[in-house]
Amino acid sequence: MERLLEECRPAAGQGKVADYIPELSKGDPEALGIYVIGSEGKRSWAGDCRQVFTIQSVVKPILLLQALMDNGAEFVMSRVGVEATGKPFDAINFSDQSLDSGNINPMVNMGAIVMCSLIHGRSYDERFQRLLELTRRLAGGEIGVDQAVYRSEKSHGSKNRALAYLLKSNGLLDGDVEEVLDCYFRACSIQVDCRALAHIGAVLSNRGRLPASNERIFPAAMSRYVNAILMTCGMYDGSGEFALRVGVPAKSGVGGGIMAVVPTRMGIGIFGPALDRKGNSVAGIRLLERLSAELHLSIF
Ligand code: GLN
């Protein structure tokens with residue numbers, strides 16, 4: 001893994017660290033780390049895998065899981081569809097002046113904002129705390145929230161506000177828009193490292209059970225729901241190419257993280273903050289491609 005990682009590190013030169021909010025532009029473009037957790041609990045790692053970064057869109061499958069656990073699949077599906085949009089993650093995705101729930105999915109911003117509104121709780125703070133607790137259990141350890149990134153997301157979040165108000169005006173979002181958005185911004189600012197992402201991936205690969213202890217966190221049917229959407233929509237409008245090059249369900253985030261799920265075999269956490277134009281880690285995808293070829297990880 002160390003050899004593959006060093007071979008892939010120069011690919012970061014083709015990418016750019018996210019700068020849509022000032023806080024994220026401070027990332028080291030050369031960083032690259034990987035952590036792997038097998039379904040029996042075996043661990044391996046290489047590179048900058050101890051660096052802490054914000055989860056960003058890798059929280060989307062966890063938002064979906066919490067919404068599924070609170071409401072069931074039928075209700076969630078009635079509120080947000082499952083088809084790939086083929087558009088960037090923050091696209092304003094409607095035509096003919098009509099925004100339809102079938103045109104969005106939980107892995108793009110609009111769908112994830114709706115997921116925040118579906119989580120149960122008396123207040124939005126309680127909803128976020130429940131999400132944070134689920135993230136902790138899935139990540140297998142303590143995690144915090146990056147307050148500077150949260151403030152930056154909130155004060156530079158005009159595009160996400162536009163998306164949320166569009167949802168609201170089309171009757172697709174219940175609740176107070178600013179409160180729902182606050183939950184979304186906090187969710188994006190949860191701090192993780194490669195190990196945490198690998199652990200979350202391992203639970204999804206293990207059909208809802210923790211690696212090693214086998215304790216069940218969510219029903220197997222929910223891992224099928226989440227993994228299927230990760231396969232078709234997890235890398236946004238780069239999902240098709242990722243399916244060809246790597247061939248496993250995965251989710252990327254603009255913090256540089258990728259969580260990959262190799263069903264029944266392993267979870268993989270990647271950190272590489274230099275992103276391609278679609279917002280996915282360049283060196284991270286290259287590393288997953290090489291690892292997939294060597295270990296025959298593609299599910300196809
Ligand atoms: N915080 C980012 C946003 O909402 C998350 C997007 C991402 O990671 N692709 O725009």
Side-chain angles (χ1 to χ4, degrees), residues 15-27 52-64 80 84-93 104-117 128 131-132 135 145-167 173 177-194 196-197 200-201 229-230 232-239 241-242 250-260 269-282 284-285:
K16 209 166 145 282
V17 175
D19 57 3
Y20 73 99
I21 56 171
E23 267 307 304
L24 278 186
S25 59
K26 298 173 184 167
V52 173
F53 53 97
T54 50
I55 192 166
Q56 297 296 343
S57 282
V58 188
V59 80
K60 288 180 168 112
I62 307 173
L63 285 168
L64 170 59
V80 170
T85 64
K87 301 225 170 59
F89 60 83
D90 60 349
I92 292 180
N93 204 21
I104 53 179
N105 69 66
M107 298 303 134
V108 294
N109 289 17
M110 273 189 163
I113 290 167
V114 175
M115 291 303 125
C116 290
S117 76
F128 175 71
L131 174 78
L132 190 61
T135 310
V145 177
D146 186 325
Q147 296 298 334
V149 168
Y150 161 63
R151 281 193 298 274
S152 215
E153 292 279 356
K154 203 170 161 87
S155 55
H156 294 83
S158 309
K159 184 72 182 282
N160 283 319
R161 279 201 176 79
L163 297 174
Y165 278 101
L166 259 176
L167 287 166
L173 185 68
V177 177
E178 286 302 326
E179 283 195 312
V180 176
L181 278 168
D182 189 66
C183 180
Y184 175 73
F185 293 139
R186 286 166 83 181
C188 290
S189 310
I190 292 173
Q191 292 171 310
V192 287
D193 56 13
C194 291
L197 294 188
I200 300 165
I229 299 184
L230 289 180
T232 52
C233 313
M235 306 297 280
Y236 321 111
D237 45 339
S239 299
E241 192 185 330
F242 187 85
K251 185 74 208 81
S252 57
V254 291
I258 303 177
M259 176 205 61
I270 297 264
F271 174 56
L275 310 176
D276 63 19
R277 286 210 315 278
K278 295 177 174 175
N280 298 323
S281 170
V282 188
I285 292 182

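Atoms within each ligand, like the ligands themselves, are counted from 1 in listed order. We number each residue from 1, following the sequence as shown.
Because its NZ or CZ atom is not both nearer than 6.0 Å to the ring centre of Tyr184 and within 45° of the ring axis, Lys154 does not count as a cation-pi partner of that residue.
Within a 6.0 Å sphere centred on CD of Glu178, other residues, nucleotides and ligands contribute more than 12 heavy atoms. By the neighbour-count criterion of 12 heavy atoms within 6.0 Å, atom CZ of Arg277 is sparsely surrounded, having that number or fewer from other residues, nucleotides or ligands.
Using cut-offs of 30° and 60° on the angle between ring planes, the pair Phe271 and Phe53 is parallel.
Between the side chains of Tyr20 and Ser25, not a single donor N or O lies within less than 3.5 Å of an accepting N or O.
At a heavy-atom cutoff of 4.0 Å, ligand 1 is surrounded by Tyr20, Gln56, Ser57, Phe89, Asn109, Glu153, Asn160, Tyr184, Cys188, Tyr236, Gly253, Val254.
Contact check on Lys87 versus Asp237 returns no salt bridge, with no Lys/Arg side-chain nitrogen under 4.0 Å from an Asp/Glu carboxylate oxygen.
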